[in-house]
**Student:** 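Handing you this structure, nothing more for now.
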Amino acid sequence: MTPLNWPALVEETIRRRKAEKLTQREHAALASVSVPTMAAFERGETTLTLSKAFDILRVVGLVDEQTDQGAQEAFVRDAFERWRSLTKDLPKDSPGCFPHGWYRFDYWLEGELRTPSLTAFEAILDKAVTRHTGWPLFWVPKRPEIAPREVDGTIECWLAPEGHDGIKRGFDDAAHSDFWRATPTGRLFLIRGYQEDSQETFSPGTIMDTTLPIWRMGEALLHAEKLAILMRANDQASPTIRFRAVYSGLSGRVLRSWANPLADLLIEGHAARSDEAMLEAVLPAQDVTARLAEHLFPLIASLYERFGVVGLSESRVRAEVDRLLGHRSR
């Protein structure tokens with residue numbers, strides 16, 4: 001067996017990244033690693049875990065895997081690159097480019113699932129939309145100019161900004177400029193800008209609200225639960241949800257209670273200690289609603305730690321989850 005030539009592999013990775021016109025930050029986002037991890041890789045450091053190195057190499061086609069995880073990484077990479085291609089001609093300060101940062105969710109369902117046609121799958125996605133706190137994740141609009149379309153065997157939706165190709169919209173900020181993709185095999189991806197960045201009371205890129213991550217990740221898990229029920233092969237099937245959230249553009253933000261003044265999460269954090277956060281969970285689909293606070297607690301605690309907040313209790317997350325589940329928007 002030929003020994004691995006690590007310097008040559010790193011050099012080839014950098015060459016391919018530049019050939020694909022990816023910045024270091026974009027490569028890191030596609031690989032679901034932090035920018036510092038990406039920089040360490042490109043310096044040739046060998047302290048990275050093998051899984052992180054594989055994530056980086058996979059983006060530029062230097063790892064060929066046929067596993068479910070490899071398939072999900074390829075799906076996420078293709079979705080992210082598709083979003084980049086759609087937004088490349090927009091002004092850099094356009095809400096559609098998320099100039100102050102973004103967060104993304106992706107998940108895939110494992111287990112006994114039926115595989116519907118794309119047309120049938122779009123109808124299933126429409127049924128899976130959950131409405132609790134306003135603008136729903138994976139919304140399926142009906143207006144022809146923003147309605148989902150079939151692209152490369154997926155259902156894709158881009159809520160382009162006001163004025164793009166003559167589009168008229170009631171909302172024109174980063175928090176309402178979603179791009180999402182979904183496959184009939186139960187793989188989904190969504191990227192969105194921060195709601196905090198569209199307010200007049202403070203400057204964009206300066207705060208991270210305490211409750212919005214609970215609401216949004218909670219809604220993502222509820223969506224996955226509902227989709228799993230709609231897609232399972234039979235009533236006895238018990239799909240598993242593999243969920244991931246990536247928050248980018250955290251530098252310069254402080255944790256602050258803003259969106260829900262009645263919330264119990266009156267927590268003030270320090271400035272973010274890193275620019276990105278990646279959070280992951282694997283959970284059974286059949287009891288997400290009943291155990292939502294339990295599932296969310298480690299994700300929220302990990303995110304808060306980026307802002308120097310430790311000692312969060314599950315009961316405080318549960319109080320906000322109860323408020324989320326008790327609220328349903330039109």
**Student:** Within a 6.0 Å radius of atom CZ on Arg291, are there more than 12 heavy atoms belonging to other residues, nucleotides or ligands?
**Tutor:**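 Counting other residues, nucleotides and ligands, CZ of Arg291 exceeds 12 neighbours.
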**Student:** Heavy-atom distance under 4.5 Å between the side chains of Leu222 and Leu325, does that happen here?
**Tutor:**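 The answer is yes; the side chains approach within 4.5 Å.
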**Student:** Taking the side chain as everything from C-beta on, heavy atoms only, tell me whether Pro141 gets closer than 4.5 Å to Trp139.
**Tutor:**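 Pro141 reaches Trp139 side chain to side chain.
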**Student:** Just by distance, with hydrogens left out, do Gln72 and Arg242 show a side-chain donor and acceptor under 3.5 Å apart?
**Tutor:**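 On atom types as modelled, these side chains do not qualify, holding no pair under 3.5 Å.
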**Student:** Any non-hydrogen side-chain atom of Leu113 less than 4.5 Å from a side-chain atom of Pro239?
**Tutor:**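 Leu113 vs Pro239: side chains touch.
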**Student:** Do Thr37 and Ser34 pair up side chain to side chain, a donor and an acceptor below 3.5 Å, judged on atom types alone?
**Tutor:**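 The answer is yes; a qualifying pair exists.
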**Student:** When rounded to the nearest 0.5 angstrom, what distance separates OG1 in Thr210 from CZ in Phe307?
**Tutor:**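 Atom-to-atom, Thr210:OG1 and Phe307:CZ are 10.5 Å apart.
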**Student:** In terms of relative ring orientation, are Tyr103 and Tyr247 parallel, tilted or perpendicular, with 30° and 60° separating the classes?
**Tutor:**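 Plane angle under 30°, so parallel.
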**Student:** If you measure from OG1 on Thr211 to CG on Leu324, what distance do you get to the nearest 0.5 Å?
**Tutor:**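 Answer rounded to 0.5 Å: 10.0 Å.
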**Student:** How about CD on Glu145, more than 12 heavy atoms from neighbouring residues, nucleotides or ligands closer than 6.0 Å, or not?
**Tutor:**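 Enclosed: over 12 neighbouring heavy atoms sit under 6.0 Å from CD of Glu145.
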**Student:** Does atom CD (Glu45) have a neighbourhood of more than 12 heavy atoms from anything else shown, all under 6.0 Å?
**Tutor:**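 It does: Glu45 CD has more than 12 such atoms within range.
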**Student:** Are Thr154 and Asp152 linked by a side-chain donor-acceptor pair shorter than 3.5 Å?
**Tutor:**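 Per modelled atom types, Thr154 and Asp152 side chains form no pair under 3.5 Å.
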**Student:** Heavy-atom distance under 4.5 Å between the side chains of Trp180 and Trp83, does that happen here?
**Tutor:**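 Heavy-atom side-chain distance check fails, nothing below 4.5 Å.
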**Student:** Measuring only between side-chain heavy atoms, which start at C-beta, is Arg181 closer than 4.5 Å to Leu190?
**Tutor:**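 When only atoms from C-beta onward are counted, Leu190 and Arg181 do not touch, as no gap falls below 4.5 Å.
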**Student:** Do the side chains of Ile214 and Val321 get nearer than 4.5 Å, heavy atoms only?
**Tutor:**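 Val321 reaches Ile214 side chain to side chain.
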**Student:** Among Arg216, His223, Arg244, which residue meets the side chain to side chain contact (heavy atoms under 4.5 Å, CB included) test with Phe105?
**Tutor:**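 Among the candidates, only Arg216 passes.
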**Student:** Does the side chain of Ser313 come under 3.5 Å of the side chain of Ser315 through a donor N or O and an acceptor N or O?
**Tutor:**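 Checked: Ser313/Ser315 side chains pair up, N/O donor to acceptor below 3.5 Å.
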**Student:** Return yes if a side-chain donor-acceptor contact under 3.5 Å exists between Trp215 and Glu320, otherwise no.
**Tutor:**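 Distance-only check passes for Trp215 and Glu320.
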